[in-house]
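Notes follow once the structure below has been shown.
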Protein chains: 2
Amino acid sequence: MAKKKATIQDIARAAGTSVSTVSRVLTGNAPVSDAKRAAVERAIAQLGYRPSLIARGLKMSKTFTIGVVINDITNPFYSMVVKGAESEAKACGYSLILCVSNENPETELHQLQMLHDKQVDGIIFGPTGHNTEFIRSLAARIPMIQVDRYLPDLQSDAVVVDNEGGAYQAVKLLTQRGHRRIGLVGWQIGITSEDQRIAGYCRALEDAGIPCDPHLMSTSPAFAPETMPAMVETLLARRPRPTAIFTINNQFGIVAMQAIRQAGLNIPDDVALVVFDDLAVFALTSPAISAVAQPAYEVGQRTVQLLLSRLKDDGEAPPQLIVLPTELIVRESA
Amino acid sequence: MAKKKATIQDIARAAGTSVSTVSRVLTGNAPVSDAKRAAVERAIAQLGYRPSLIARGLKMSKTFTIGVVINDITNPFYSMVVKGAESEAKACGYSLILCVSNENPETELHQLQMLHDKQVDGIIFGPTGHNTEFIRSLAARIPMIQVDRYLPDLQSDAVVVDNEGGAYQAVKLLTQRGHRRIGLVGWQIGITSEDQRIAGYCRALEDAGIPCDPHLMSTSPAFAPETMPAMVETLLARRPRPTAIFTINNQFGIVAMQAIRQAGLNIPDDVALVVFDDLAVFALTSPAISAVAQPAYEVGQRTVQLLLSRLKDDGEAPPQLIVLPTELIVRESA
DNA sequence: TGTCATTTTGAAATCGATTTCACCGGTTAG
DNA sequence: CTAACCGGTGAAATCGATTTCAAAATGACA
């Protein structure tokens with residue numbers, strides 16, 4: 001029963017023709033007489049033949065595979081990005097190799113190397129940190145689209161959201177409601193998305209004539225999830241206490257919500273809260289959390305679209321930076 | 001700068017030896033003199049050579065790639081399963097091709113076919129529905145581990161959680177607290193995981209001497225997310241109203257929470273709620289939701305481990321069903 | 001020093017496809 | 001009537017590795 005997989009040779013033999021002809025009906029890029037074509041198709045159906053994509057990939061140096069390197073697939077934002085990307089890729093006949101780098105530059109490097117070795121047609125990449133010679137040379141060899149964040153000094157496309165504008169809107173909501181002591185919690189680890197959110201926070205404050213007070217910015221220069229609660233607590237311990245908090249991502253938002261509650265404070269009466277990066281459940285907590293929503297699915301889609309268009313261009317279209325709009329969703333927490 | 005990628009031929013030439021020798025130092029499965037080895041290694045370093053995994057894959061019929069087909073990557077359970085799987089795979093030198101089937105049997109079929117065509121070494125698979133001749137024949141050709149759910153009549157390994165036991169504990173909690181009219185919401189679409197949860201619900205009722213009343217079971221025989229709110233509402237409209245609800249998954253849990261609130265009812269005083277499949281935010285809603293937690297990360301890990309062990313066995317170890325325990329987390333909603 | 005066993009080595013076959021090239025027969029054009 | 005062209009075909013080269021096989025180099029031993 002479990003017979004060896006049929007090869008193109010077997011088809012040629014069964015159809016009484018040559019492998020060249022079989023290949024021609026397979027790829028359809030050269031004329032074949034109706035008689036031969038029929039014979040070949042019959043043989044294919046009969047033997048249940050499927051061409052080896054590996055052999056084809058070797059010969060054509062095309063694998064119809066896209067590599068994806070992201071930090072955390074359990075982050076709802078990224079999993080939605082991946083969903084969008086997978087859907088678009090699938091529709092165009094590509095598949096995705098998923099790599100999770102866990103914010104670890106070394107892991108990231110190994111994975112990029114591996115994707116290169118597997119000769120993926122392109123790479124979608126949410127960089128953990130700083131540029132390296134290796135990344136630069138890789139970007140020169142393989143079409144690479146950065147997603148969510150980007151390395152400013154890397155000559156390469158990127159698809160991101162309007163982080164600065166989203167944060168600006170969020171904090172503006174707070175200033176408009178009269179808040180003047182607005183805290184910020186987040187990482188400051190040299191990643192564009194987060195830096196831009198901080199920039200938006202500062203601009204909104206300045207627009208309202210409020211100086212940007214470093215004492216109200218609780219940021220950490222290193223990624224260390226276990227310190228998140230303490231970071232919020234320091235902020236709540238400031239006197240006078242901030243009357244509102246803006247968190248740079250939803251994880252900090254959840255931590256903040258918990259910390260504020262544990263401090264016996266009420267949201268939004270004692271401390272208002274606005275979070276960057278919306279979650280479905282933010283509509284269901286009480287109070288419901290106001291948040292900046294990102295078009296994650298569309299980010300994934302557009303990233304793949306841009307990558308596939310680069311595969312066609314091949315050549316020298318200049319790198320493009322696509323910025324998708326965010327949306328501020330006002331609920332009860334502010 | 002962007003020179004062609006070096007091949008094994010180039011290395012052989014640069015090192016003044018033959019491709020055979022280069023291959024031997026690469027794979028290390030035949031002795032090579034120290035002099036030649038040094039020369040080859042120097043050439044490799046100098047030219048920045050990396051062996052083509054495609055060519056190697058063709059010759060050795062081994063791709064070090066695992067295909068994963070799941071229903072929804074944005075479901076936190078699955079994304080955690082994938083995280084565990086990716087981590088384990090990465091540690092063993094494998095990578096993952098991720099396919100999302102969206103509960104669509106046709107999509108699933110295409111993806112399985114594609115994975116086969118790409119000659120993945122094995123497949124991890126959360127089946128959408130019923131067995132087919134194609135799946136059966138595929139499972140005979142490629143090592144295939146089912147995850148989360150399984151096709152009972154398919155001769156193949158599976159890694160799942162104790163759905164029946166988890167649901168039993170959840171509902172037992174409710175009966176112990178005196179509830180006698182306990183509603184159930186969920187799909188009943190012939191998928192083992194969900195069927196088993198329903199079975200656990202029934203067993204817990206019977207254990208408490210409560211008959212299993214179909215009027216209190218709001219199930220749908222087809223997957224249709226848009227009907228979820230209505231399904232909960234029918235249950236809440238029953239008179240006398242159920243005093244507790246068990247939902248078969250967390251999506252239904254969120255919908256139920258919303259519906260109960262909108263009906264102006266209080267959780268847990270008017271209606272208690274226990275949900276299968278915990279979410280991090282269930283600890284933060286108010287009331288916090290009691291839920292059955294699944295060891296998702298471990299499911300992913302174990303699945304890959306089992307798959308890799310099958311790649312070694314190759315032969316005829318009988319199919320194995322690994323059942324991991326769940327944990328009931330009691331919070332405020334029941 | 002000659003023989004035999006043991007390492008090393010390279011030429012060539014192989015994996016399964018695509019593609020070039022030469023060729024054949026039949027129109028069509030000049 | 002010959003030249004040019006074109007649709008259709010198969011033999012052979014190619015993609016970039018591994019592996020077999022036989023030859024060459026080395027070492028051991030009598």
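Per chain, numbering begins at 1; letters A, B, ... match sequence-line order.
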Please give the angle, rounded to 10 degrees, between the axes at the start and the end of the helix from C:dT1-D:dA30 to C:dG30-D:dC1, where five pairs define each axis.
60°
Is a side-chain donor-acceptor pair under 3.5 Å present for A:Thr63 with A:Lys118?
no
ring-ring contact (aromatic ring centres under 6.0 Å, His included) contacts in which one or both residues fall within residues 79-98 of chain A, not counting sequence neighbours
A:Phe64-A:Tyr94
Non-neighbouring partners of B:Ser193 that pass side chain to side chain contact (heavy atoms under 4.5 Å, CB included), sequence neighbours left out:
B:Asp148, B:Arg149, B:Asn163, B:Ile191, B:Arg197
Roughly, in whole Å, what's the span from NZ in B:Lys36 to P in D:dT26?
11 Å
Contact list for residues 73-89 of chain A, test salt bridge (charged side-chain N to carboxylate O under 4.0 Å, His left out), sequence neighbours left out
A:Lys83-B:Asp72, A:Glu86-A:Lys90
Range on DNA chain C touched by chain B - first to last nucleotide, heavy-atom distance under 4.0 Å:
C:dT8 to C:dG16
If a pair satisfies salt bridge (charged side-chain N to carboxylate O under 4.0 Å, His left out) and one of its residues is in residues 123-135 of chain B, list it, with sequence neighbours excluded.
B:Glu133-B:Arg136
Could you tell me whether the side chains of A:Glu108 and A:Thr128 share a donor-acceptor contact shorter than 3.5 Å?
yes
Nucleic acid contacts - residues 50-67 of chain B versus DNA chain C, non-hydrogen atoms under 4.0 Å:
B:Leu58, B:Lys59
Which residues pass the side-chain hydrogen bond (donor to acceptor under 3.5 Å, both in side chains) test with B:Ser87, sequence neighbours left out?
B:Tyr297
Length of the CD1-C1' vector between A:Ile8 and D:dG10, whole Å
13 Å
What residues in residues 20-32 of chain A put a non-hydrogen atom under 4.0 Å from any atom of DNA chain D?
A:Ser20, A:Thr21, A:Arg24, A:Pro31, A:Val32
Residues passing the ring pair (Phe, Tyr, Trp, His ring centres under 6.0 Å) test with B:Tyr49, sequence neighbours excluded, are none
With sequence neighbours left out, which residue pairs that include part of residues 33-42 of chain A fulfil the side-chain hydrogen bond (donor to acceptor under 3.5 Å, both in side chains) condition?
none
Could you pull out all residues at least two apart from B:Phe223 that satisfy ring pair (Phe, Tyr, Trp, His ring centres under 6.0 Å)?
B:Trp187
